[in-house]
Protein chains: 2
Amino acid sequence: MTGADANAKPLKAEARRAALRKLLIAAAERRISEDGLGALRARDLAADAGCALGAIYGAFPDLDALILEVNLRTLALFEAALGPDGGGFDVTNAADELVRLGQAYLAFAQSHGKRWRALFQHQFADGRRPPDGYVAEQARLFRRIEAPLQALRPDLSAQERVLLARSLFSATHGIVMLGLDARLMALPPAVVGPQLDLLIRAMATGLASRA
Amino acid sequence: MTGADANAKPLKAEARRAALRKLLIAAAERRISEDGLGALRARDLAADAGCALGAIYGAFPDLDALILEVNLRTLALFEAALGPDGGGFDVTNAADELVRLGQAYLAFAQSHGKRWRALFQHQFADGRRPPDGYVAEQARLFRRIEAPLQALRPDLSAQERVLLARSLFSATHGIVMLGLDARLMALPPAVVGPQLDLLIRAMATGLASRA
DNA sequence: CACGATCATGAACAGCGTTCAAGTGCGTTT
DNA sequence: AAACGCACTTGAACGCTGTTCATGATCGTG
């Protein structure tokens with residue numbers, strides 16, 4: 001290295017790696033969206049991005065990291081689909097907001113089926129922790145649920161509210177997931193929305209009654 | 001073939017295949033229970049069962065069929081864990097029964113973690129339909145939910161009750177699944193039970209109030 | 001212009017589920 | 001009882017996977 005700056009050396013190289021990363025992410029997004037996570041092949045990605053097979057491993061440590069990047073973008077896409085955080089709920093519209101969030105989740109899962117499924121189909125190897133962005137994105141989404149919850153149940157502590165928000169999401173997620181998955185269950189697609197509405201409203205009613 | 005019975009020929013052969021099937025199922029059950037579905041290898045199974053690698057494909061069409069057999073036994077194991085169908089619920093104990101079923105589901109998932117996860121981790125290839133036993137077992141389990149539901153909401157039609165039972169199961173499943181899965185969420189294990197209790201009771205209350 | 005570190009390349013590797021030519025053993029027939 | 005023929009068992013081989021690494025091209029630098 002010539003200059004005093006240790007980072008000066010791989011300037012162009014890093015720029016090209018970043019460009020390749022974008023190409024690979026775009027290719028992986030397309031493959032996952034069209035054919036599902038299970039159909040993702042390293043050789044296809046290399047062909048799509050116009051790079052050598054081994055070049056993938058110069059841009060990402062492994063395919064898992066690439067998938068993680070796609071999943072992170074999927075989460076961001078969903079947050080964008082939720083629109084800006086309205087805030088300010090009271091006991092009269094809290095249940096409606098919970099229903100709205102649930103229906104938005106269902107709509108996103110339906111319109112981005114393969115991509116949304118990849119979020120949960122993908123397993124972290126061993127005990128690998130999810131990256132920071134993942135956890136941060138989750139927290140932002142859960143806060144969307146906590147807001148109307150606070151209006152519905154002002155008596156709950158912050159910690160209780162956090163836990164309940166996660167549980168509410170889990171219940172919603174279960175209905176959406178098994179509703180769209182033909183493996184077990186097979187709820188007719190047309191009834192998933194009404195059922196989700198019914199159960200979220202029931203939970204809101206039951207929670208509000210201090211059961 | 002000598003006799004008039006066309007089935008007389010492969011009698012001993014079929015018996016040995018059946019014996020090998022049992023050995024392979026037992027081996028697969030152990031591997032899945034201990035190391036998870038993802039660690040299941042055809043070569044390990046052959047070694048465990050003391051047979052050749054190719055012999056597996058004389059007993060099962062492919063590994064998927066073997067996994068399906070293990071999953072079917074897991075479902076039966078869960079049904080046995082539920083105990084005999086009590087029947088006869090009224091509006092006073094219907095919610096309690098729903099909670100009991102949910103907690104039993106959670107307990108089973110917790111004590112048979114890897115095996116239970118295999119139920120949902122396993123994907124049917126292409127558009128392969130689940131075998132008859134699968135669907136029948138599902139129906140039996142869902143009827144366990146429909147019974148207290150009928151007590152809770154006698155006004156619902158049979159079809160509405162069927163759909164609602166599946167939705168209730170889905171919601172419960174979501175809480176259990178994401179509660180035990182460190183991927184997304186990460187609810188502390190100790191709070192999953194109380195949260196499940198809380199939400200099932202809320203749903204029962206909300207449903208009973210004809211919301 | 002020439003040198004040297006650095007990076008891209010794709011053939012090679014390890015491991016997977018599955019298959020199949022070849023050998024073995026069992027049931028049947030004489 | 002003996003020998004034949006066919007079905008079954010066998011494990012090496014196939015095709016495919018993600019990942020690696022010697023080799024050759026490339027680019028920045030003295």
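All chains are named by letter (A, B, ...) in the order of the sequence lines, taking the proteins before the strands, and each is independently numbered beginning at 1.
- Here the closest non-hydrogen pair linking B:L68 and B:Y134 is O-CE1, 4.0 Å.
- At least one side-chain heavy atom of A:D96 sits under 4.5 Å from a side-chain heavy atom of A:R201.
- Protein atom CG of B:L45 is 11 Å distant from nucleotide atom P of C:dT18, rounded to whole Å.
- Shown here are the side chain to side chain donor-acceptor pair (under 3.5 Å) partners of B:E97, two or more places apart in sequence or in another chain: B:R100.
- Sorted by first and then second residue, the pairs that involve residues 71-81 of chain A and meet salt bridge (charged side-chain N to carboxylate O under 4.0 Å, His left out), not counting sequence neighbours, are A:E29-A:R73, A:E79-A:R140.
- Closest approach of B:W116 to B:M177, counting heavy atoms only: CH2-CA, 3.7 Å.
- Scanning residues 59-69 of chain A for heavy-atom distances under 4.0 Å to DNA chain D yields A:D62, A:L63.
- With sequence neighbours excluded, the residues that form a salt bridge (charged side-chain N to carboxylate O under 4.0 Å, His left out) with A:D62 are A:R128.
- As rounded to whole Å, 13 Å separates atom P of C:dT6 from atom CZ of A:R17.
- For the pair B:Y57 OH and D:dA7 C1', the computed distance is 21 Å after rounding to whole Å.
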Between protein and nucleic acid, restricted to nucleotides 22-26 of chain D and to nitrogen or oxygen atoms under 3.5 Å apart, what atom pairs and distances do you find?
none

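- For A:E160, the side-chain contact (heavy atoms from CB on, under 4.5 Å) test picks out A:L156, A:S157, with sequence neighbours left out.
- A heavy atom lying under 4.0 Å from DNA chain D marks the following residues of residues 26-43 of chain B, by number: B:R43.
- Distance CD1 (A:I56) to C1' (D:dC21): 16 Å, rounded to an integer number of Å.
- When side chains are defined from C-beta on, A:I32 does not count as touching A:T74, because their heavy atoms never get closer than 4.5 Å.
- For B:R21, the side chain to side chain donor-acceptor pair (under 3.5 Å) partners are B:E14, not counting sequence neighbours.
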Identify each donor-acceptor pair in which a side-chain atom of residues 35-44 of chain B lies under 3.5 Å from a protein atom, sequence neighbours left out, and give them as a table.
residue : atom : partner : partner atom : Å
B:R41   : NH2  : B:G38   : O            : 2.5

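- Minimum heavy-atom separation, B:I175 to A:A171: CG1-N, 3.8 Å.
- Across A:L149 and A:A165, no two heavy atoms sit closer than the pair CD1-N, 3.6 Å.
- One finds the CZ atom of B:F142 at 12.0 Å from the CG atom of B:L164 (value rounded to the nearest 0.5 Å).
- Here the closest heavy-atom approach between residue A:C51 and residue A:I56 is recorded as SG-CG1, 4.5 Å.
- Within residues 46-55 of chain B, the residues that place at least one heavy atom under 4.0 Å from DNA chain D are, in residue-number order, B:A52, B:L53, B:G54, B:A55.
- The C1' atoms of five pairs define one axis at each end of the helix from C:dC1-D:dG30 to C:dT30-D:dA1, and these two axes lie 20° apart (to 10°).
- The list of salt bridge (charged side-chain N to carboxylate O under 4.0 Å, His left out) pairs with a residue in residues 45-56 of chain B, not counting sequence neighbours, reads B:R30-B:D48, B:R31-B:D48.
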